[in-house]
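Below is one structure, written out as structure tokens; comments come after it.
Residue numbering restarts at 1 for every chain, and letters A, B, ... go by the order of the sequence lines.
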Amino acid sequence: MQIQPKYFEKTQYIETLNGNKVSKGSILCGIMNIRLHGKTIIKPGVIVRGDLANVNIGRLSTVSENTVIRPSYKKFKGAVSYFPLNIGDHVLIEEGCVISAASIGSYVYIGKNCVISKRCILKDCCYIPDNTVLPPDTVVPSFTTFSGTPGRYIEDLPDCFEQYMKDYTTSIYESFLPINTLSKGRS
Amino acid sequence: MSSSPPIEKTIICQDCVISNGVQIGGGTVLHPKASIIIEEGAGQIILGENNIIEELVQIINRSKEKMIIGSNNLFEVGCIIECSSIGNQNVIESKSIISRDVVIGNGCSISAKSIVPEKQILSDNTVISETSSSFVNFHSKIPVEIHESIHSSHLELLHKTLPKFHNMKKYENKTST
């Protein structure tokens with residue numbers, strides 16, 4: 001599938017050695033606790049709460065505008081504690097989501113304006129369409145679609161979903177280009 | 001259970017927007033990007049003690065009367081609150097919208113992404129939840145009990161961790177009316 005290239009201004013983004021592209025308009029709290037494993041795009045308006053617990057985001061993942069990623073908490077031996085949030089590789093999170101899951105696997109698609117409540121577990125290869133609300137402690141199995149309010153099982157996904165997400169996220173990363181390279185190419 | 005340790009300090013992170021004339025009780029925690037706004041010509045906002053207000057929450061007063069919010073409430077990420085009064089020990093979950101002139105009692109819980117329409121009065125221990133097919137409204141004490149058991153230790157944790165990572169906004173409790 002061909003994706004229209006998206007251009008961004010080079011001054012608005014920070015590129016790291018691993019190929020992460022992090023917008024300056026995003027708010028990363030507690031940077032020392034946030035690990036981006038490379039080639040991850042973080043767009044403006046995103047809030048990542050590394051101050052509450054560790055946040056790991058895998059390779060070639062994209063987090064779109066105005067999404068909040070915050071670790072979830074639970075009462076544990078009498079005291080409340082926040083626990084780390086792991087997001088796998090090739091994950092695409094669209095705009096306006098609230099993610100406070102315990103873990104998200106690889107090859108996951110999360111649509112616009114979703115609410116992934118506390119301590120949800122999303123396994124590898126699942127699809128969450130727009131405007132879904134997953135209640136707390138939901139487990140989404142592999143190769144399934146969950147949608148609606150509250151999120152329920154809808155249908156199975158084909159085996160090719162893994163390959164599809166791999167290609168899709170890779171092409172999103174590759175078509176996300178700084179505007180300077182465009183002017184160079186033309187001249 | 002609800003008797004939390006007396007924490008005097010108010011925690012307000014640097015990115016918050018707070019209008020003049022907002023009174024905030026002791027022990028309240030505001031996460032970054034929360035906003036409490038009084039529109040021009042609108043009345044005061046009075047916040048009680050030990051509330052937790054998470055990211056992107058907007059508390060807006062548009063009416064001319066005072067907006068009073070009680071103690072021990074939890075406002076989760078991205079909810080919008082324009083109502084006239086809120087009691088104690090309520091849980092308002094992510095992305096829910098509470099419209100104008102709504103009165104909320106004590107111990108209510110409003111589920112994620114639900115909308116409370118205008119001029120509703122919620123009595124104590126109401127649970128509201130909007131699903132894709134129906135609108136659920138019933139009375140139950142279970143959500144409040146869970147909230148009560150967690151809230152005080154949650155506050156304690158936030159009071160310990162947040163000042164390590166954020167620049168604090170200085171807040172002086174203005175008693176002028």
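In B:Lys160, the NZ atom is not crowded: 12 or fewer heavy atoms of neighbouring residues, nucleotides or ligands sit closer than 6.0 Å. Open room surrounds CZ on A:Phe76; 12 or fewer heavy atoms of other groups in view lie less than 6.0 Å from it.
Within the 4.5 angstrom heavy-atom criterion, only side-chain atoms of B:Glu76, from C-beta onward, approach chain A. Only the side chain of B:Lys33 has a heavy atom closer than 4.5 Å to any heavy atom of chain A. Within the 4.5 angstrom heavy-atom criterion, atoms from both the backbone and the side chain of B:Ile150 approach chain A. For chain B, the nearby parts of A:Asn131 are the backbone and the side chain; heavy atoms of each come within less than 4.5 Å. Looking at A:Leu52, only its side chain comes within 4.5 Å of chain B, counting heavy atoms on both sides.
Using modelled atom types, one finds a donor on one side chain and an acceptor on the other under 3.5 Å when comparing B:His166 with A:Asp51. A donor and an acceptor atom, one from each side chain of A:Tyr109 and A:Glu94, are located under 3.5 Å apart. Between the side chains of B:Ser134 and B:Thr131, at least one donor N or O sits under 3.5 Å from an acceptor N or O.
Taking the ring centroids of A:Tyr82 and B:His154, they lie under the 6.0 Å cut-off.
Comparing B:Ser129, B:Ser132, B:Ser153, B:Ser111 by how many heavy-atom pairs each has under 4.5 Å with chain A, the most go to B:Ser132. Per-residue counts of heavy-atom pairs under 4.5 Å with chain A were compared for B:Lys113, B:Lys164, B:Glu130; the largest is that of B:Lys113.
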